[in-house]
Amino acid sequence: MTDLSESESVPAEAAPDARGRVAELRAIRDEALRGPSEKATEAQHAKGKLTARERIDLLLDAGSFHEVGMLRRHRATGFGLEAKRPYTDGVVTGHGTVHGRPVFVYAHDFRIFGGALGEVHAAKIHKIMDMAIAAGAPLVSLNDGAGARIQEGVSALAGYGGIFQRNTRASGVIPQISVMLGPCAGGAAYSPALTDFVFMVRETSQMFITGPDVVQAVTGAEVSHNGLGGADVHAGTSGVAHFAYDDEETCIEEVRYLLSLLPSNNRENPPAIPAKDPVDRRCETLVDLVPADGNRPYDMRAVIEEIVDDGEFLEVHERWAQNILCALARLDGQVVGIVANQPQSLAGVLDIHASEKAARFVQMCDAFNIPIITLLDVPGFLPGVDQEHGGIIRHGAKLLYAYCNATVPRISVVLRKAYGGAYIVMDSQTIGADVTLAWPTNEIAVMGAEGAANVIFRRQINAADDPEAMRARMVREYKSELMHPYYAAERGLVDDVIEPAETRPVLIATLAMLRTKHADLPARKHGNPPQ
C-alpha cells in the first residue's frame, strides 16, 4: 500500500472536528437539562410542584443518577408536532441509588406536553421498566402527566398497554412504587393501581378515571378535582393511596424510607441493620396498656410501638379501614410486617375494607420475603345487611387465601379476644401459622360468653325464676369451661401462653428460629384467589 503524499492528504477543513462535536453534544445536553423554558419552570413552581429533575434529585443519593434516553425525541407529525420536538419527550428516565442500593426511576416532565404520553415517551418508560426487571431492582415512577398525547392518537394508547403489561410482569418480582405528584386521569390511573404502593401529595395530585366535567355531564353532580380524586379521598375513602403527605419533599423522603425496608427483588431478603434496641428488652408497660376487660378499647399502635425496635414503624393505609393496622417495622434489625386489629375503631372487627387491606399487605410481605406477625384482638366479622350484600364472604376470603398461601415465617399473638371465623382467618394455627402465642388475657372461642350462653342455655334461662341471674351464672360457667386462657393451649391450638412483657424477646427469638424456613408449594400455574 502506497502512503499518501502531503499534497494528496485529506484537507484539514474536511476532517471531523472532534472538539466541535463535543461542544455540540454539551450544548444539546444543556438544552435537555434546562427543559423547555424558564417560564415553564416558573409555572411549575407556582403550582407548588417541583420539576422532574428536582424530584429525582430528592429521591436518589446525591450524584448517583444516570439518565437513559435523554436525547430521544418524538417523530410524530401533524397538529404542529413536527415543529416542536424537545429532548426527553416529556419523561426523564434512568437509574441511581437510594441508601446505596440500585433503584430505577422515571419522572414525567409536566413542562413538556403537560407530561402527556406519546409513542417515544412510552418507549422510554418501557425500556427503563425492562431494565429494572432484568436488574432485579425497585422501580419508582414520579407521576405528573396529563394522560395520553391526543395528537398521537392510538399510538399513545398502545404505549399504556405496554406499561400495564410490564407492571403485571414485575408484580411480586421487584418493588414498584408510584408517586403521584400531579394529575393522573383515565386509563393512566391503572398503572399506579397495579403497583405495590401509591404515594400522593395533597392539593397537587389527583387520580380519577373520569374527571369532574364528565361526572357532572353524566350524573349532574358537581365536584372539584380534589373532591373527586385528591390525596385525602384516596387515602381515606377509596383506599387507592397507601400514603398521603402535605408536600413533595416529605413525600419523597418517605419513599426513601419505604425503600430501606424492602428487598431489591423477590430473591433477596429485606436489608437488615444493626439494632440498638436491646433484644432482651422487656415491655413492662404492656400489661397495663391492654385492659383485661374485652369491652374496653385501647390503641393497638401503642402496643406495636412498645414491641418494635426504637418504637419506629411505617403504617400502610393509615387512614383507610382503620379497624385493622398494617405496618412495616424492625425487630432486632430485621424487617417484619405487622397485621393487627385496632380496638379503637369498630372494636377491631373485620369488615370488607379491613379484609381487603390486610390481604393485600400479607400478599406483599409474602412476595418480598418479609415475615408476618399478627396481633389478634378481634370480636368477629362486622354484621349487617350492607356487609353481606357487599360480599363480606368473598372479601373475607381474600384475607384467608392470602394467609393460607403465604410461605414466609408467620407468628400470631392473641392479646385478648379471638372469636369465631375471624379468629381462624387472622392466621390461626390451623391455616398455617408457624408459631401461635397468647397472652394470659386471651379469650379464644366461637363467640363471646354472653352470646354463647344465650344460645346454649336458652331453655334454662327462659325457664328460670330469675332469668338474669341464671344468664349470669351460665355466662360464668361457659367462661370457666371453654374460655379460660389455657383452653386452646391445652389442646395444642396455641403453642405457648406468655407474659405481655416477654412479647418482644419471644418474637425475636422465634423469628431467628424461623429465618431459614423453607416451604414448597404445589406445582401449578397460579392460584385462583377470590375476587
Which heavy-atom pair separates [X] from [Y] by the least distance, and what is that distance?
X    : Y    : value
L259 : R101 : O-NH1, 2.9 Å
L181 : K49  : O-CD, 3.2 Å
A329 : E312 : CB-O, 3.7 Å
P270 : N369 : CD-O, 3.4 Å
P192 : A189 : CD-O, 3.2 Å
T51  : H45  : CG2-NE2, 4.0 Å

May I ask you to decide if [Y]'s main-chain N or O and [X]'s side chain share a donor-acceptor pair within less than 3.5 Å?
X    : Y    : answer
K398 : P530 : no
K47  : T204 : no
S64  : D61  : yes
D109 : A52  : no
H242 : V198 : yes
H317 : C326 : no
Q342 : M300 : yes
N265 : V173 : no

Tell me, do [X] and [Y] make a side-chain contact under 4.5 Å, heavy atoms counted?
X    : Y    : answer
E318 : R301 : yes
W320 : T237 : no
H225 : F208 : yes
N341 : L350 : yes
L60  : V105 : yes
D332 : L511 : no

Checklist entry - side-chain contact (heavy atoms from CB on, under 4.5 Å) with V179: which of V201, T195, D144, L142? => result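 With V179 as partner, side-chain contact (heavy atoms from CB on, under 4.5 Å) holds for just one option, L142.
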Checklist entry - Looking at M207, M200, Q206, which hits side-chain contact (heavy atoms from CB on, under 4.5 Å) with C184? => result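 Single side-chain contact (heavy atoms from CB on, under 4.5 Å) partner of C184 among M207, M200, Q206: M207.
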Checklist entry - Is it the case that N143 and S141 place a side-chain donor and acceptor less than 3.5 Å from each other? => result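 Distance-only check passes for N143 and S141.
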Item to check | Short side-chain donor-acceptor distance under 3.5 Å, D366 and N405 | outcome: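 No, D366 and N405 have no side-chain donor paired with an acceptor closer than 3.5 Å.
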Checklist entry - Thinking salt bridges, do D434 and R410 make one under a 4.0 Å N-O criterion? => result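 R410 and D434: not salt-bridged.
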Checklist entry - Between R281 and E306, is the closest basic N to carboxylate O distance under 4.0 Å? => result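 Here E306 pairs with R281 in a salt bridge, since their nearest N and O are under 4.0 Å apart.
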Next on the checklist: What verdict does the side chain to side chain donor-acceptor pair (under 3.5 Å) test give for Y403 and T374, after you've listed the backbone C-alpha separation in whole Å, the side-chain angles of each residue and the deciding distance to 0.1 Å?
Outcome noted: CA-CA 10 Å; Y403 269 125; T374 305; 2.8 Å; yes
Item to check | Inter-residue atom distance D427.CG - L375.CG, 0.5 Å rounding | outcome: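 Nearest 0.5 Å value for the CG-CG distance: 11.0 Å.
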Item to check | Spacing of CD1 belonging to I177 relative to CG belonging to L139, to within rounding of 0.5 Å | outcome: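 The CG atom of L139 is 9.0 Å from CD1 of I177, to the nearest 0.5 Å.
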Next on the checklist: Run the side chain to side chain donor-acceptor pair (under 3.5 Å) test on N167 and S191 for me, step by step, so that the C-alpha distance in whole Å, both residues' side-chain angles and the decisive distance to 0.1 Å come before the verdict.
Outcome noted: CA-CA 7 Å; N167 284 140; S191 176; 2.7 Å; yes
In residues 86-95, what donor-acceptor pairs under 3.5 Å come from side-chain atoms, sequence neighbours left out?
| unit_1 | atom_1 | unit_2 | atom_2 | d |
| --- | --- | --- | --- | --- |
| T88 | OG1 | G90 | N | 3.3 |
| D89 | OD1 | R149 | NH1 | 3.0 |
| D89 | OD2 | H121 | N | 3.0 |
| D89 | OD2 | R149 | NH1 | 3.3 |
| D89 | OD2 | R149 | NH2 | 3.3 |
| T93 | OG1 | V68 | O | 2.5 |

Using atom types as modelled, flag every donor-acceptor pair under 3.5 Å from a side chain in residues 19-32 to any protein atom, sequence neighbours excluded.
| unit_1 | atom_1 | unit_2 | atom_2 | d |
| --- | --- | --- | --- | --- |
| R21 | NH1 | E24 | OE1 | 3.3 |

Checklist entry - Got a sec: does the CD1 of I273 have more than 12 other heavy atoms crowding it under 6.0 Å? => result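 Yes, enclosed.
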Item to check | Single hit among R504, K276, R330 for salt bridge (Lys or Arg N to Asp or Glu O under 4.0 Å) with D309 | outcome: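 The single option meeting the salt bridge (Lys or Arg N to Asp or Glu O under 4.0 Å) with D309 is R504.
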Next on the checklist: Below 30° counts as parallel, above 60° as perpendicular, anything between as tilted: where do the rings of F164 and Y190 land?
Outcome noted: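 Plane angle over 60°, so perpendicular.
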Item to check | Derivation of the side chain to side chain contact (heavy atoms under 4.5 Å, CB included) call for L33 and R53 | outcome: CA-CA 8 Å; L33 290 170; R53 296 185 184 279; 3.5 Å; yes
